[in-house]
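Report on the structure given below.
Basis for what follows: all heavy atoms, side chains included, without hydrogens, waters or symmetry-related copies. Since this is a predicted model, take the numbers as computed values, not measurements.
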Amino acid sequence: MEASLRKPTMFRLKAELVDRLKIAAKRENRSLNNYVESVLMDVVYHEPNAETRAAIEETRRGVYAGTIDNSSIDAMIKSIEG
């Protein structure tokens with residue numbers, strides 16, 4: 001297996017952000033470097049599909065999807081199905 005090349009990089013981040021990243025990394029039992037790298041990879045490599053992009057665009061334009069009736073589970077399912 002080919003080893004992944006790593007390039008040392010320096011960023012200036014707000015101290016509060018670094019503290020929160022350290023907490024999140026510790027919560028997942030990961031190093032700060034590993035955690036930040038995985039978060040960045042998720043952002044860069046996980047593009048939403050066409051349907052999701054369309055839904056995001058509808059939301060940004062304020063397209064109203066309707067009202068969900070949450071008075072009961074049956075009413076909720078019925079209002080979702082249309």
Side-chain angles (χ1 to χ4, degrees):
M1 176 167 42
E2 184 179 323
S4 296
L5 297 176
R6 300 279 191 233
K7 183 175 182 177
T9 309
M10 182 183 292
F11 291 95
R12 294 181 191 272
L13 303 172
K14 293 181 179 181
E16 180 183 339
L17 175 59
V18 173
D19 292 343
R20 293 183 73 172
L21 288 167
K22 286 179 181 179
I23 291 167
K26 186 174 183 177
R27 192 178 324 125
E28 294 192 17
N29 198 29
R30 298 166 84 166
S31 69
L32 177 61
N33 185 80
N34 177 267
Y35 182 76
V36 170
E37 183 178 28
S38 67
V39 168
L40 292 173
M41 288 179 74
D42 281 346
V43 169
V44 172
Y45 292 109
H46 290 107
E47 287 288 322
N49 63 27
E51 183 179 358
T52 302
R53 284 193 306 271
I56 291 168
E57 185 56 34
E58 284 180 4
T59 302
R60 287 183 177 150
R61 287 194 326 261
V63 175
Y64 186 66
T67 302
I68 295 176
D69 182 351
N70 62 0
S71 61
S72 71
I73 190 71
D74 291 330
M76 182 181 78
I77 292 170
K78 191 174 185 179
S79 66
I80 291 171
E81 292 174 341

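- Taking CG of Leu13 as the start and CG of Asp19 as the end, the distance is 11.0 Å to the nearest 0.5 Å.
- Atom CZ in Arg30 sits 9.0 Å away from atom CD in Glu37 (nearest 0.5 Å).
- Atom CD of Glu51 has 12 or fewer neighbouring heavy atoms from other residues, nucleotides or ligands inside a 6.0 Å radius.
- Both Leu17 and Leu32 are members of a single hydrophobic cluster when ILVMFWY side chains are connected at heavy-atom separations under 4.5 Å.
- Atom-to-atom distance recorded for Leu40:CG and Phe11:CZ is 7.0 Å, nearest 0.5 angstrom.
- Using a 3.5 Å distance cut-off with no hydrogens or angles, the side chains of Ser71 and Asp69 do pair a donor with an acceptor.
- Surrounding CG of Asn29 are at most 12 heavy atoms belonging to other residues, nucleotides or ligands under 6.0 Å away.
- Residue Glu16 qualifies as open at atom CD: its count of foreign heavy atoms under 6.0 Å is 12 or below.
- Contact detail for Ser31 and Ala25: the closest heavy-atom pair is O-CB, 3.8 Å.
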